Amino acid sequence: MKTPVSMLTMSDVTKVYRVKDSLLGGAGRDVVALDRFSMTINAGEIYGLVGESGSGKTTVSRLIVGLEPADGGDIRFDGTKVMGLKGRRRKNFTKQVQVIFQDPYQSLNTHFSIFETVCEPLVIHGIGDRQFRRARVCEILDTTGLTPPETYLNRYPHQLSGGQRQRVAIARAMVLEPRFLIADEPTSMLDALISFQIFRLLNHLRESFGVAILFITHSLAAARNLCDRVGVLYRGQLVEQGTAEETIMNPLHPYTKALLDAHPRFGSSRQKAYGVLRETERPIPDVDHCPFYPRCNPAMDNICNESTPTLKYLDSGRKVSCFLF
Amino acid sequence: MTQPFSTTQATKDAFGGGTERHVPYWIERFLDGWAIYRKNVIGRIGVVLLCLFALMAAVSYIPQWVNPIYNPMTGVDPQISYSTGPSFRHWLGTDNIGRDLFSQLLAGARVAFIVGITSALISILFGTTIGMVAGYYGKRTDLILMRFADMVMVMPTLLVVLILSALFGQLNIWVIVVMIALFRWPGVARVIRSQTMSLRHRPFVEAAIVAGASRFRILFRHILPNVMPLALLYMTFRVTSAIIIEAALAFLGFGDPGTVSWGMMLQWVWKTGHMFQAPYWLLPPGICISLITMAFYMTGRAMDDVLDPRLREEEIKR
Ligand SMILES: Nc1ncnc2c1ncn2[C@@H]1O[C@H](COP(=O)(O)OP(=O)(O)O)[C@@H](O)[C@H]1O
Ligand SMILES: [Mg+2]
């Protein structure tokens, strides 16, 4: 196996949203969406970012592509800072990093035909002439499974099903052959069979184009299917990271275990559930504490409620953020 | 989730080969909208009235072409030197120097359309651009543009135009049109701004940003088509106010003496002292002004009913 080449690194990235409570509330409330979050994605791999909804997964993708500024930390792509890129350098960056959004009913402009939609990145970056663009769009539609491509060119999004729309979104993201693709819960609006096909397509894209994929999901089953490595996100913190197989077959962090318990399909292959989740939550301590402490059964009093754990590197190459290890 | 594509879903699977043409989305939306609009009685009345006025404007060239004495401005019936009532020769009668009132009324329809629509178009153009820029850029740009809009909004249009024409003498009709437009954009800008602010964070706009699209491209290719229906709706209301302002100016004696508008006709009745002697002269332009503004207003209200559930539906989907 080749030694992995890191492509995207996020180190100690923090993001705080300021929410205005009401007109009279004044100060408002801070929501910490990401708390000193670190992650590295290697060239050509599929990295699964797993976490329940609200854990900050979408925030990670928005920060990478610059839709939102970070409040702290550093994000680098190929060694260059991506935050605050401007002009030509930003354009060059957008050529290499693309996103597939969660909701294919919202991410396509209803006024654009499929051809216009998929062709837009080519137009923006001034690539090719009319003829080339048409051929390229057909080619990529074909790759994403919209065949025969000619029949789709002049259609509009509302004439397609959800799965077809998501394929259009993927074609649009892939038309420039980016090196890094972010897929933010690309199948959460689609039914199971279509989701499965989309997973296969993503895998196919990785194999034929060598594109690295950040695959964001709330489902460990999907992550295991598709990913080389997974990271588990809890309340804006990375709590565990390792190969997909190991992390799911032999989870370390109690939160990962809780996620697996929540999965009926996985429960059947094991004799008993991990049972790490408390029935009644503990009161939230006033001082620094492990973010999972209130819900964690095996948590140790006087340790877990008195300081925040940091990521530990285990011998097996895994990382976990828990005092139990 | 119920999606409007369910009808095309069935045909989709049976879809054969070849490059078949599909109608652009906006045409389909327009036809959908028209289907809803047609059910609205007020809207139907409005459209019928507008068609009648458009017909008047279209045939306004015919009388003078039949006989030069019917020219609304310069044609004078040599046999008549005082205001006469309706007759076979002059369907609505003549004014005090023997000009044909019916051909003046027709010409007035033409002027009303030109004044109303051009000035509405210009104010929509300004309002939409400024609203989109303010809504998209936000922050300081938004603050400055909206303060400026507020300042323009509180100025009484009629009064300012009156003062200006008192200063510069008789104004050309196009100057009047542009001035009305320059005072009537802030309302449009406000509406388009708030619509733009809600579109700015929609995934399809963010997808374009991620693809590297310029701000210009995002504003004019992605946001503009989505605010267009709203801009068109506001245009009907702007037409109404432009026609009223022009008529008021003309009646007060600040119109363009070279045009025959309904306001000018009223001004002539008044100035020549026929206000209470010649109802055949006074009533037609008065009624026409009321009807045409009402017609545009009714059309706008009916369009509002078409757009409103759509806007609401889009809010929910967000
Ligand atoms: N624009 C925003 N303003 C305020 N809070 C936000 C905003 N976007 C996300 N958040 C908050 O940040 C947290 C993480 O959100 P998100 O990244 O969308 O989570 P996920 O994608 O894992 O569901 C949530 O608590 C959410 O409420
Ligand atoms: Mg999300």
Side-chain angles (χ1 to χ4, degrees), chain A residues 61-62 64-68 88 90-117 120-126 147-162 164-165 169 172-173 175-176 178 182 184 189, chain B residues 1-30 32 198-229 310 313-318:
Chain A
S61 76
R62 295 176 65 83
I64 295 173
V65 293
L67 284 173
E68 213 90 61
R88 167 107 50 75
R90 161 142 184 94
K91 229 169 168 177
N92 193 33
F93 173 73
T94 60
K95 227 163 151 175
Q96 307 194 48
V97 181
Q98 280 297 307
V99 181
I100 302 161
F101 290 89
Q102 185 168 2
D103 184 352
Y105 294 96
Q106 293 278 318
S107 63
L108 303 178
N109 189 339
T110 48
H111 292 272
F112 277 34
S113 71
I114 303 309
F115 174 74
E116 287 172 309
T117 304
E120 194 183 26
L122 296 173
V123 177
I124 289 170
H125 293 277
T147 48
E150 291 81 12
T151 60
Y152 286 91
L153 293 181
N154 293 318
R155 293 214 231 167
Y156 284 82
H158 68 281
Q159 297 167 321
L160 303 182
S161 67
Q164 288 172 322
R165 285 186 195 212
R172 174 196 165 90
V175 73
L176 293 170
I182 301 171
D184 185 359
M189 313 294 280
Chain B
M1 195 189 276
T2 55
Q3 285 294 326
F5 62 74
S6 52
T7 47
T8 47
Q9 196 83 325
T11 51
K12 190 191 64 211
D13 299 331
F15 203 83
T19 47
E20 200 168 307
R21 282 260 146 226
H22 287 269
V23 276
Y25 182 62
W26 66 268
I27 292 185
E28 208 165 291
R29 255 178 90 115
F30 177 81
D32 280 359
S198 87
L199 285 166
R200 189 171 66 159
H201 295 294
R202 296 276 283 274
F204 74 88
V205 172
E206 296 194 326
I209 296 173
V210 169
S214 63
R215 283 173 172 174
F216 186 84
R217 181 178 190 84
I218 287 163
L219 278 181
F220 290 94
R221 290 285 282 136
H222 290 278
I223 290 182
L224 184 61
N226 286 287
V227 298
M228 211 57 188
R310 274 237 196 87
E313 176 194 329
E314 276 167 22
E315 284 302 309
I316 291 166
K317 267 198 279 173
R318 218 151 59 77

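Order of the sequence lines fixes the chain letters, A, B, ..., with proteins taken first and strands second; residue numbering starts at 1 for each chain. None of these values were measured; they are calculated from a predicted model.
Taking the ring axis of A/Y152 as reference, the NZ or CZ atom of A/R155 stays within 45° of it and closer than 6.0 Å to the ring centre.
For A/V123, the part lying under 4.5 angstrom from a heavy atom of chain B is the side chain only. Neither the backbone nor the side chain of A/Q102 comes within less than 4.5 Å of any heavy atom in chain B. Contact annotation for A/T110: both backbone and side-chain heavy atoms come within less than 4.5 Å of a heavy atom of chain B. Proximity to chain B (any heavy atom under 4.5 Å) is shown, for A/F93, by neither the backbone nor the side chain. Within the 4.5 angstrom heavy-atom criterion, only side-chain atoms of A/L67, from C-beta onward, approach chain B.
At distances below 3.5 Å, at least one donor-acceptor pair connects side-chain atoms of A/R172 with backbone N or O atoms of A/T117. Side chain of A/H125 to backbone of B/A211: a donor-acceptor contact under 3.5 angstrom is found.
Atom CZ of B/F204 is separated from atom CG of A/D103 by 12.5 Å, given to the nearest 0.5 angstrom.
Ion pairing between a basic and an acidic side chain is recognised when a charged N comes within 4.0 Å of a carboxylate O; B/R221 and A/E120 show no such pairing.
Of all the listed residues (A/L108, A/L176, A/N109, A/I100), the one sharing the greatest number of non-hydrogen pairs under 4.5 Å with chain B is A/N109.
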